[in-house]
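Just below is one structure, and these are the notes that go with it.
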Amino acid sequence: MVSLLERGDALWVIVTNGRLWRLYSRRAHSRATNYYEIDLSDLLADQGPGFAEPGDAFGYFWLLFRCDSFLPHTVVRQGRESRAFFS
Amino acid sequence: MIQLDINLGYADIQALSNADGVAAFFERLGYNTDVRRIQSPANLGITTESTLKPIKKIELLADQEGLLQIYLFELRSVTVALTRGIVNAFRLLAGNYLLVLTSDYERLDFVLLEREQPAAPGFGIGAPQVKVRPRTLTVERLKPERLRLRMLRRLTYTEPDPLAQYEKLAVAYTVAAWSEEYFNNRALFSDHYLSERLRELPEWNEDAKPTWSLLRDLYAGAAARFGGKDRAALGRELFEPIFEILGFNAISGSVPDGPTYLLFSQDQSEVNLWRYALPIPGIVCWTPRITGATARRPR
């Protein structure tokens with residue numbers, strides 16, 4: 001997994017066993033030990049204030065693991081446009 | 001042997017109201033509790049008066065081949081000094097230990113003993129000795145936090161031998177030290193980004209319910225539906241539908257020991273955008289077990 005990142009085959013790697021979902025990045029300080037992890041089955045069990053509504057917790061999976069989040073977006077910082085991931 | 005961590009609920013923690021409840025908890029997590037027996041403090045080398053006096057009862061709850069044991073300590077009160085005193089007695093005992101300390105079963109301390117070898121070997125009376133460090137997870141039985149619940153799930157006995165299981169426990173304690181309520185962020189994003197900026201994005205307020213409902217349907221009864229299935233079936237029935245729900249076009253990897261899937265956007269124009277940014281936009285490695293601080297290579 002680390003060698004995939006080091007070779008530049010991908011900027012991001014998702015590692016999962018179905019329950020835990022981990023995100024690794026080529027840009028991380030340590031590609032082997034820096035990661036973001038979510039327990040998806042735990043998040044899906046969490047309900048918001050309304051009946052059958054996702055809780056806040058689900059937003060973290062939805063925003064960080066969906067395809068759109070990996071697409072480069074145009075952002076404007078200090079009047080200059082640039083392309084960035086994860087806004 | 002249990003393959004995945006047990007899905008504990010709040011009721012499981014609330015049931016830890018006596019020694020039998022704690023033993024049943026560890027039995028459910030896959031530990032061998034057939035060996036339950038009361039222990040005397042002297043048998044464990046606890047002889048110091050200040051440590052002896054507050055101990056009401058000691059019970060061996062589980063024993064994994066003598067290499068990993070779980071003890072329950074019923075105490076008059078649980079203090080830092082007393083915990084240190086008890087832990088220190090285990091310094092000279094071989095094996096690995098998880099202790100459960102409690103005075104009233106309202107608050108339980110799950111204490112993992114971690115040995116620290118001296119930096120340099122020595123000889124004689126002045127030689128540095130092995131130290132034992134307690135790593136404590138405190139659980140309020142009647143109102144366990146989500147974070148604690150998640151941590152306790154990781155105590156599930158899933159490893160092939162007691163030494164590997166102890167390593168898993170040690171990692172679980174390490175992870176608990178930097179976990180947040182909803183996620184574990186091991187320095188990949190800044191805390192400010194996750195707790196503040198992400199929630200300020202317009203996307204945060206998008207309706208996630210359709211996705212949530214689809215994934216909930218997919219995960220309903222997952223243990224029974226997917227347990228024992230081979231990798232190809234899991235990919236077809238679980239992972240590929242998930243990637244579709246998340247908006248990816250998942251292409252199976254063709255290189256042995258390589259990534260399980262390569263992820264692309266489903267929209268051709270976006271694929272071009274991807275290519276502009278990345279030779280391969282995303283890669284997924286599937287692995288049956290994730291226990292260590294770093295993921296293992298896919299098998």
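All values below were derived from every heavy atom in this structure, side-chain atoms included, with hydrogens, water molecules and symmetry-related copies excluded. Chain naming here is simple, since letters A, B, ... match the order of the sequence lines and numbering starts at 1 in each. It should be emphasised that the depicted structure is a prediction, and the values quoted were computed from it without experimental measurement.
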In terms of the angle between their ring planes, are B/W212 and A/F58 parallel, tilted or perpendicular, with boundaries placed at 30° and 60°?
perpendicular
Nearest heavy-atom contact between A/P54 and B/A208 is CG-C, 4.3 Å
CZ (A/F65) and CD1 (B/I242) are apart, to the nearest 0.5 Å, by 11.0 Å
Is A/Y60 reaching over with its side chain to a backbone N or O of B/L198, donor-acceptor style, under 3.5 angstrom?
no
B/K229: salt bridge (charged side-chain N to carboxylate O under 4.0 Å, His left out) partners, not counting sequence neighbours:
B/E237
Roughly how far, to the nearest 0.5 Å, is the CG atom of B/N185 from the CG atom of A/L64?
9.5 Å
How many angstroms lie between atom CG of B/L188 and atom OH of A/Y35, to the nearest 0.5 angstrom?
11.0 Å
Considering only distance and modelled atom types, tabulate donor-acceptor pairs under 3.5 Å from the side chains of residues 217-224 of chain B, sequence neighbours left out.
| from | atom 1 | to | atom 2 | distance (Å) |
| --- | --- | --- | --- | --- |
| B/Y219 | OH | A/G18 | O | 2.3 |
| B/Y219 | OH | A/W21 | NE1 | 3.4 |

Rounding to 0.5 Å, atoms CD (B/E206) and CZ (A/R66) come to a distance of 4.5 Å
Nearest 0.5 Å please: distance from the CH2 atom of A/W62 over to the CG atom of B/L246.
7.0 Å
Please flag which part of B/L149 lies under 4.5 Å from any non-hydrogen atom of chain A: side chain, backbone, both or neither.
neither
Minimum heavy-atom distance between A/D39 and B/R153, given as atom pair plus value:
OD2-NH1, 3.7 Å
Within the structure provided, determine whether B/L263 and A/I14 are in side-chain contact (heavy-atom separation under 4.5 Å).
yes
